[in-house]
Amino acid sequence: MVKQKIVLRFPPNIVEQPIIYMMIKDFDLMVNILRADINPRKEGRLMMEVSGENADYQRAMAWLKEQGLIITNLEQQIIWREDRCTHCGACTVICPTGALHFERPSMNVQFDQDKCIVCELCLRACPARAMETPIDNALFR
Ligand code: SF4
Ligand code: SF4
């Protein structure tokens, strides 16, 4: 079994195709959508958790790439630069999942990658630029 959070990025000509339906029907995967965006240029991004048999998952990923989608593993997207973090707590207020949180009793901020849904709110909120994404988000600017 595999259980993986991924981001799919769609060029405009694919946005309206029933990709999720195909992933469920043709590849026997379970798909849990975490977030969806379509920018003004009709380019789309879907964040999801996908689970199923490893062979089915690999076949589905190969098929998605053939369709022209860009696939990124979600945990690769947000990086907490602990060396830059001042533990000011600004991110803990806006983080919707508690991925960024105060640890007690030290009251130091910690980052729980498993809870992160890559909403990117912390990227803008962090005054120390301690939250980073290595992914090129140019499509969505
Ligand atoms: S906002 Fe930035 S500096 Fe402040 S606690 Fe969060 S990650 Fe650390
Ligand atoms: S990307 Fe969103 S969910 Fe993830 S740590 Fe930042 S604010 Fe929290």
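Just the heavy atoms: all of them, side chains too, but no hydrogens, waters or symmetry mates, feed the values below. This one's a predicted model, so the numbers in the text were calculated from it and none came from an experiment.
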Novice: How long is the straight-line distance from OH of Tyr57 back to CE of Met23, given to the nearest 0.5 Å?
Specialist: 8.0 Å
Novice: Might you point out which heavy atoms bring Pro11 and Gly68 nearest each other, and give the distance in Å?
Specialist: CD-O, 3.6 Å
Novice: What are the two closest heavy atoms between Ile78 and Cys116, and how far apart are they?
Specialist: CG1-SG, 3.8 Å
Novice: Rounded to the nearest 0.5 Å, what separates atom SG in Cys85 from atom CD in Gln110?
Specialist: 8.5 Å
Novice: Any chance you could measure Ile33, atom CD1, to Ile20, atom CD1, to the nearest 0.5 Å?
Specialist: 4.5 Å
Novice: Answer whether the closest heavy-atom distance between the side chains of Met131 and Trp80 falls below 4.5 Å.
Specialist: yes
Novice: If hydrophobic clusters are built from ILVMFWY residues whose side chains come within less than 4.5 Å, do Ile94 and Met47 share one?
Specialist: no
Novice: How close do Asp26 and Arg59 get, counting heavy atoms only, and between which atoms?
Specialist: O-NH2, 3.8 Å
Novice: Could you state the interatomic distance from CE (Met1) to CD (Glu53), rounded to the nearest 0.5 Å?
Specialist: 6.0 Å
Novice: So how far is it from Asn108 CG to Phe102 CZ, rounded to the nearest 0.5 Å?
Specialist: 8.5 Å
Novice: So do the side chains of Phe111 and Ile79 get within less than 4.5 Å of each other, counting heavy atoms only?
Specialist: no
Novice: Quick one: are His87 and Met107 in side-chain contact, heavy atoms under 4.5 Å?
Specialist: no
Novice: Main chain of Val118, side chain of Arg35: is a donor-acceptor contact present, judged purely on distance under 3.5 Å?
Specialist: yes
Novice: Between Met48 and Lys5, is any pair of side-chain heavy atoms under 4.5 Å apart?
Specialist: no
Novice: Does some side-chain heavy atom of Gln4 sit less than 4.5 Å from a side-chain heavy atom of Glu49?
Specialist: no
Novice: So Val7 and Ile71, do their side chains get closer than 4.5 Å, heavy atoms only?
Specialist: no
Novice: How close do Cys95 and Ala99 get, heavy atom to heavy atom, and via which atoms?
Specialist: SG-N, 3.4 Å
Novice: So Asp112 and His101, do their side chains get closer than 4.5 Å, heavy atoms only?
Specialist: yes
Novice: Just verifying a value: how many Å separate Lys3 NZ and Leu29 CG, rounded to the nearest 0.5 Å?
Specialist: 13.5 Å
Novice: Does Arg45 use its side chain to pair, donor to acceptor, with the backbone of Asp37 at less than 3.5 Å?
Specialist: no
Novice: Transitive ILVMFWY cluster of Met30 at side-chain heavy atoms under 4.5 Å: who else is in it?
Specialist: none
Novice: When you group the ILVMFWY residues by side-chain heavy-atom contacts below 4.5 Å and let the links chain together, are Leu121 and Leu123 in the same group?
Specialist: no
Novice: Which pair of heavy atoms, one from Asp56 and one from Phe27, lies closest together, and at what distance?
Specialist: CB-O, 3.2 Å
Novice: So which heavy atom on Val109 is nearest to which on Thr92, and how close?
Specialist: CG2-CG2, 4.0 Å
Novice: Side chains of Thr72 and Ile6: does their closest heavy-atom pair fall under 4.5 Å?
Specialist: no
